[in-house]
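Shown next, in structure tokens, is the structure this report addresses.
In this text the structure is predicted, and so the values were computed from the model without any measurement. Each chain gets a letter, A, B and so on, in the order its sequence line appears, and its residues count up from 1.
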Amino acid sequence: MMVFETSKANAILTILQGCNNLTRLKKIQAHVIVNGLQNHPAISNSILNFCAVSISGSLAYAQHLFKHIQNPQTQAWNSIIRGFAQSPSPVQAIFYYNRMLFDPVSGPDTFTFSFTLKACERIKALKKCEEVHGSIIRTGYERDVVVCTGLVRCYGGNGCVEIARMVFDNMPEKDLVAWNAMISCYSQAGYHQEALRIYDNMTNENVGVDGFTVVGLLSSCSHVGALNMGVKLHRIASEKGLLRNVFVGNALIDMYAKCGNLDGALEVFNGMPRDMFSWNSMIVGFGVHGFGDEAIYFFNQMLEAGVRPNSIAFLGLLCGCSHQGLVEEGVEFFHQMSSKFNVKPGIKHFGCIVDMYGRAGKLEKALKIIGDSPWQDDPENLNCIHGHDHSESTAKPKSLKQDEISNKFSKIMYLCFGAFLSRSPFEFAKLLVACWLFKPDITVVLG
DNA sequence: TTAGGGTTAG
């Protein structure tokens, strides 16, 4: 067994705790080597952990250090797994976990499982999650509240809501974080009633409520239009002093806006610190309710506050312009998106403009926008225009020919709808005939 | 002795 000089080791550990950059760390490391402490477990772990986890560290350097550790202990494995789990390439964390399983000396512990599950959650590795779950049961860690919360999140994030619930139900003790994980699992999977029901269970169990609980529940309220519950959560947030929490504030704005209570949204907005989400929620909230002028007002205020607009801000803005009939303004913003703000218009932005022209009775222009869009031949185009984005759907596509036909048919139908809205009987009649004849090239009809 | 959680998209 190696004997280290305790006073020197402690002194170096203290210095390491205060270290905040890689250059300084390398200097300390030289000092460690001079004093023969490079194999001191706490010191080598501390150095490795800093490189792997700290923002000012370096995962590449951590990998280099790890390679030179002769018999890495569990803590060293954990550092490298944790570092990769939170890095842009979480899959590397899984590689290290797999390698660790062949280590005859250092086995996984609660920390290993926790970090590995995080990586599985981030890369949506359901199979690996199930495998890790098996190891958790075999090694007797299935009673650990943090590990189980990781499992709930990982299964939930992979769409296995029922398994997540099973893990949750089998937890011997559930703390507030575990309950919150179950709420957000339901909420993100679209099981909003179940998410709201969890709140009743929490009340019975007396686990309390924090900002995470409120945000998860409010998100579900927004989706199902549960204004009463939203107002109740607003009161709870106020009682708990959570109204200056920007996440809570944003979730409240969104809830009030989605439930149609724009005054409520404005009141929350006026009393909180703001970020990009807050501005976007106001712009989208007013925009979708047809208040184009207000959407433009908040957009300009956002620019004045120095917040850069993203694609969602423009979506709300264009939607507001479309619903209020602000055609010139809408077109101007649509052009400014890329020319002034460097935001590439997506399929939904094109859909807004088509909708705007359609409502204004400018059907040729609407058709031209479809023709000029990068998705003119994309079967998903019309889905977007009708407000359903299936771009991430995993459903099998129909045959191309069938898509092509239904796409063009839908285009005509859509324009028909626009003509109907704009009370242009002639256009409407012309397009109805087109539908009836089912001409594939509708430009002939309109030209 | 190194852990787990949150919001916006017609």
Side-chain angles (χ1 to χ4, degrees), chain A residues 41-42 45-46 48-50 52-54 73-83 85-86 109-118 121 141 144-154 156-157 174-185 187-188 210-223 242 245-255 257-258 265 272 275-285 287-290 295 310-323 346-349 351-356 359 384-389 391:
Chain A
N45 278 330
S46 176
L48 179 67
N49 199 55
F50 174 86
V53 176
S54 163
Q73 295 178 340
T74 298
Q75 198 174 336
W77 283 107
N78 289 348
S79 289
I80 200 89
I81 292 172
R82 181 187 178 198
Q86 64 187 40
D109 63 4
T110 52
F111 292 90
T112 322
F113 289 129
S114 193
F115 302 141
T116 308
L117 285 171
K118 172 136 189 135
E121 184 194 337
Y141 286 112
D144 185 288
V145 66
V146 180
V147 169
C148 285
T149 305
L151 278 171
V152 168
R153 289 182 51 79
C154 199
K174 306 169 180 74
D175 62 8
L176 185 54
V177 181
W179 284 95
N180 290 345
M182 199 61 235
I183 289 176
S184 77
C185 166
S187 181
Q188 280 162 23
D210 66 4
F212 291 87
T213 326
V214 173
V215 169
L217 292 170
L218 280 172
S219 171
S220 281
C221 289
S222 308
H223 283 95
L242 295 169
N245 174 329
V246 73
F247 287 92
V248 171
N250 291 343
L252 277 168
I253 294 176
D254 182 56
M255 183 277 297
K258 289 251 170 63
M272 62 177 276
D275 64 5
M276 190 180 61
F277 276 76
S278 332
W279 290 104
N280 281 353
S281 294
M282 293 305 280
I283 296 167
V284 172
V288 301
H289 284 96
N310 67 359
S311 69
I312 297 173
F314 281 104
L315 219 47
L317 193 59
L318 295 179
C319 179
C321 290
S322 154
H323 286 213
I347 191 162
K348 291 185 179 177
H349 301 98
C352 281
I353 297 296
V354 172
D355 184 45
M356 194 173 69
R359 282 166 192 267
C384 146
I385 290 167
H386 291 297
H388 306 288
D389 185 358
S391 54

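Per the geometry, CG belonging to A:L176 stands 16 Å off P belonging to B:dG4, to the nearest Å. Regarding A:M276, its CE atom lies at a distance of 12 Å from the P atom of B:dT8, rounded to whole Å. What separates CE of A:M255 from C1' of B:dT8 is a distance of 14 Å, to the nearest Å. Distance, A:F111 CZ to B:dA3 P: 7 Å, rounded to whole Å. Between the P atom of B:dT2 and the CD1 atom of A:I81 lies a distance of 16 Å, rounded to the nearest Å. Taking atom CG on A:L48 and atom C1' on B:dT1, their separation rounds to 15 Å, with Å as the unit. Between A:Q188 atom CD and B:dT8 atom C1' there is a gap of 13 Å when expressed in whole angstrom units. At whole-Å resolution of the value, CH2 in A:W77 and C1' in B:dT1 are 20 Å apart.
If you check every strand for non-hydrogen atoms under 4.0 Å, A:T110 touches a base. A:N45 comes within contact range of no nucleotide atom at all, as no heavy-atom separation falls under 4.0 Å. Within 4.0 Å (heavy atoms only), A:V248 reaches at least one base atom of the nucleic acid. Here A:V53 lies out of heavy-atom contact (under 4.0 Å) with every strand. Within the nucleic acid shown, A:K258 comes within 4.0 Å of sugar-phosphate atoms alone, with no base atom in reach, counting heavy atoms only. Here A:F115 lies in heavy-atom contact (under 4.0 Å) with a base. Within 4.0 Å (heavy atoms only), A:N78 reaches at least one base atom of the nucleic acid. Heavy atoms of A:D144 sit under 4.0 angstrom from at least one base atom. Residue contacts shown for A:G150 are absent, as no nucleic acid heavy atom lies under 4.0 Å away. Within the nucleic acid shown, A:V177 comes within 4.0 Å of at least one base atom, counting heavy atoms only.
For the pair A:G285 and A:A257, the tightest heavy-atom approach, listed with the atom from each and the gap, is CA-CB, 3.8 Å. Closest approach of A:S79 and A:A52 over heavy atoms only: O-CB, 3.4 Å.
One finds no side-chain N or O of A:K348 lying less than 4.0 angstrom from the OP1 or OP2 phosphate oxygen of B:dA9. Applying the 4.0 Å criterion to OP1 and OP2 of B:dG6, one finds that A:R153 has a side-chain N or O inside that range. Taking 4.0 angstrom as the limit, A:S219 places a side-chain polar atom (N or O) nearer than this to OP1 or OP2 of B:dT8.
Stacking between A:F247 and B:dG6 is shown: the ring centroid lies under 5.5 Å from the centre of the six-membered base ring, and the planes differ by under 30°. Judged by centroid separation below 5.5 Å and plane tilt below 30°, A:F277 stacks onto the base of B:dT7.
With B:dT1, B:dG4, B:dG10 as the choices, the nucleotide that has an atom nearest any side-chain atom of A:T149 turns out to be B:dG4.
Heavy atoms from other residues, nucleotides or ligands lying under 6.0 Å from CD of A:Q86 number more than 12.
Evaluation of the salt bridge (Lys or Arg N to Asp or Glu O under 4.0 Å) rule for A:R153 yields A:E121 as partners, not counting sequence neighbours.
The shortest side-chain heavy-atom distance between A:F113 and A:D144 does not fall under the 4.5 Å cut-off.
Residue side chain A:N250 does not reach the base of B:dG6 through any donor-acceptor N/O pair under 3.5 Å, judged by distance alone.
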Can you give each donor-acceptor pair under 3.5 Å made by side-chain atoms of residues 245-253 of chain A, sequence neighbours left out, with the distance rounded to 0.1 Å?
{"from": "A:N245", "atom 1": "OD1", "to": "A:F247", "atom 2": "N", "distance (Å)": "2.8"}
{"from": "A:N245", "atom 1": "OD1", "to": "A:V248", "atom 2": "N", "distance (Å)": "3.2"}
{"from": "A:N250", "atom 1": "OD1", "to": "A:S278", "atom 2": "N", "distance (Å)": "3.4"}
{"from": "A:N250", "atom 1": "OD1", "to": "A:S278", "atom 2": "OG", "distance (Å)": "2.7"}
{"from": "A:N250", "atom 1": "ND2", "to": "A:V246", "atom 2": "O", "distance (Å)": "3.2"}
{"from": "A:N250", "atom 1": "ND2", "to": "A:D275", "atom 2": "OD1", "distance (Å)": "3.0"}

